[in-house]
Amino acid sequence: MESNIAEIAFHLVAQISLILLFAKIGGEIFERFLKQPGVLGELLTGILISPFFLGKYINLPHASPLFPLDSSNILGISPELYSLAQVAVIILLFLSGVETDLSLFLKFFIPAFVIGTGGAIFPFALGILVTIWMGFADSFLHPTALFMGATLTATSVGITARILSDMGKINTPEGVTIIAAAVVDDVLGILVLTIVLGIVDKGQISLAEAGIVTLKALGVWFLILIVGLIIVKPLTRFLKALRSEGAWLGIVLAVTYFASYLAESFGLAMIIGAYAIGLAFSTTDIKEEIIEDLRGVYHFLVPVFFVVMGMLVDITTMGKALIFGIVITLVATFAKIFGCGIPAFFIRFNILGATRLGIGMLPRGEVALIIAGIALAKEAITHDIYGVAVLMTAVTTFLAPILLVPLLRIKKEGTK
C-alpha cells in the first residue's frame, strides 16, 4: 500500500511539472502573439495533452505514460488530478468574490440584475430547446438539456473586466454595469447549477419540488454570505493581531475551504461557498493584501484547473457532435447579446450602449467550464457534449474582445 501511495504521489508531481510548463507556454503564445486571454492557451494545452489525445504517448522515466486514460471513471483522468483542479477552482472563485466591489455592485444592482437576469434566462431556455431539437435530450428536465442550458447562462467576470481595464473603460456606465451584470450572471449561473444538480439527483421532480430546491439554494447562499459579512470584521481584527508569518492568510483560506465544504454538504457546489466568502472579504481593509498574497498561489493552481478542464475533452468523439457544437455556439452568442442588450436598451442605455453591454457579457470563461466539468463528473453529459461546451466557451471568449474593443473606441456616450 505504501509503495502504491508513493508511486501515485510521484506520478502526480511529474504531471504537475509538465502541466505548469505547457500551461505557461500556451498562455504566453495566446496573450503575446494572438492577443487573446491566456486561459484559452491553457485550455488548448489541456486538450492536446489529454489522455484522449497525446497524453497517453508522453513518456517519462518511471512515469509512462504520463497521462494514462483512467477507465475506472467517466472523466478519463486520475481522481488525484481532478481533486487538485477542484482545490484550484475554489481559489479562483474566492478571488473573484474578493475582487468584486460590493458597494459598486449594490449601487448598480437594479439595472445589472435586470440585464444579468435577461442574460441568464434567455440563453438557458434556448440552450435547453436547441439540445432537445438536435436530439441530445428528450425532455426539458433531461440532465443533458438542463446542464447545456446552465452552461450557456454564465459570463466570465475576469475576462470582461480585463478588456475594460486595459481600455480604461471600467468606470464608465457601461463598464460598471457590465461588471455588475456579469457578477449577477455568475451568481445566477451558480444557482442554476445548484438547482440543476438537485433536479438531476432527484430525477423527474415537480414544479413545487423545483421551487423548494431553488429556495434552498438561495437560502444557503445568502446564509453563507450574511454570516461571512458578520464575522469578517472581527475576524480581520484577530488576523491583524497575529505575528506568525503567513498565519492570517492560512486562516483566510481555512475559512474559504470550510465555506466550500458547507456549501457542498448542503447539496450546493463548493464554488458557491468560496464565492460568497470572497464577497464578504471584499468589504474588509485587508482585501488588497489578500489579492496580493494569493497572487502566487493563483498563478500556480488556477492554470492547473484550466489545463485539467481541457484534458476532459475527448476530441476523438467530437465529430458526431460537431454540428451541435456549431449551432449551440451561435445560439450562445446571439442569446447573450440580445438577452442582455434588449433589457439594457429599455432601462437606460441607447443602441450603442446596449450593444456594448450585450457583447461585453458574451465570454463564458471559467464558470461555464466549471458547470460543464461538474456535469461530466455527475455523468449527466458525455465527453462529446462536454467538448461542445468547451468549444462554445472558447469561441465566445475569442469573439468578445474582437467585437467589443472597436465599439468601446467609438467616442460616443452609451447612455440615453
Side-chain angles (χ1 to χ4, degrees), residues 27 30-41 96 99-120 122-123 153-186 282 288 291 329-368 392-416:
F30 269 70
E31 287 188 12
R32 176 181 290 193
F33 301 109
L34 301 179
K35 308 302 179 185
Q36 294 294 329
V39 61
L40 294 176
S96 293
E99 290 172 347
T100 300
D101 188 330
L102 191 59
S103 61
L104 199 63
F105 173 72
L106 293 174
K107 180 180 178 181
F108 284 84
F109 179 76
I110 294 177
F113 182 79
V114 174
I115 294 166
T117 301
F122 200 43
T153 63
T155 293
S156 173
V157 179
I159 292 169
T160 306
R162 175 69 179 272
I163 297 168
L164 292 166
S165 179
D166 287 350
M167 297 195 66
K169 300 288 185 180
I170 204 156
N171 288 317
T172 61
E174 293 99 318
V176 173
T177 307
I178 286 172
I179 296 300
V183 171
V184 170
D185 248 17
D186 272 1
S282 74
E288 296 302 326
I291 294 170
T329 300
L330 290 172
V331 168
T333 301
F334 289 105
K336 188 66 79 170
I337 292 174
F338 289 104
C340 296
I342 292 173
F345 179 75
F346 284 104
I347 294 176
R348 59 183 295 181
F349 295 93
N350 57 27
I351 291 177
L352 177 61
T355 306
R356 286 171 175 165
L357 274 159
I359 293 173
M361 298 286 286
L362 185 57
R364 294 319 199 274
E366 62 281 353
V367 177
M392 179 275 298
T393 301
V395 172
T396 54
T397 304
F398 265 121
L399 280 177
I402 294 171
L403 298 176
L404 184 59
V405 169
L407 289 173
L408 291 173
R409 284 177 177 157
I410 297 173
K411 297 187 182 298
K412 289 184 180 179
E413 294 293 325
T415 52
K416 292 179 180 177

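Fair warning: this is a prediction, and the values are worked out from it, not measured in the lab.
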Compare every heavy atom of [Y] with every heavy atom of [X], then report the nearest pair and how far apart it is.
X: T177; Y: P173; value: OG1-O, 2.6 Å
X: G360; Y: L404; value: CA-CD2, 3.9 Å
X: T393; Y: A368; value: OG1-CB, 3.6 Å
X: P363; Y: A400; value: CD-CB, 3.5 Å
X: M361; Y: I178; value: SD-O, 3.7 Å
X: A120; Y: T153; value: O-CG2, 3.4 Å

Between [X] and [Y], is any pair of side-chain heavy atoms under 4.5 Å apart?
X: F349; Y: K416; value: no
X: T333; Y: M392; value: no
X: R364; Y: L362; value: yes
X: L352; Y: L407; value: yes

Original post:
Taking the side chain from N350 and the backbone from E413, do they hold a donor-acceptor pair closer than 3.5 Å?
Top reply: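 A pair under 3.5 Å: yes.
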Original post:
Is the number of heavy atoms from other residues, nucleotides or ligands under 6.0 Å of L34 CG greater than 12?
Top reply: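 Yes - once you tally the heavy atoms of other residues, nucleotides and ligands closer than 6.0 Å, there are more than 12.
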**OP:** Mind checking side chain to side chain contact (heavy atoms under 4.5 Å, CB included) for I291 and listing every partner two or more places apart, or none if nothing turns up?
**Re:**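 Only L95, V98, E99, K287, E288, R295 meet the side chain to side chain contact (heavy atoms under 4.5 Å, CB included) criterion with I291.
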Subject >> From L408, L399, I337, residue fulfilling side-chain contact (heavy atoms from CB on, under 4.5 Å) relative to I359 >> reply: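 It is I337; the other options fail the test.
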Original post:
Nearest 0.5 Å, what's the CZ-CD1 distance between R348 and I110?
Top reply: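 Between R348 CZ and I110 CD1, I get 11.0 Å after rounding to 0.5 Å.
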Subject >> I347 side, atom CD1; I342 side, atom CD1 - distance, nearest 0.5 Å >> reply: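 If I round to the nearest 0.5 Å, the distance is 12.0 Å.
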Subject >> Derivation of the side-chain hydrogen bond (donor to acceptor under 3.5 Å, both in side chains) call for K336 and T155 >> reply: CA-CA 9 Å; K336 188 66 79 170; T155 293; 3.2 Å; yes
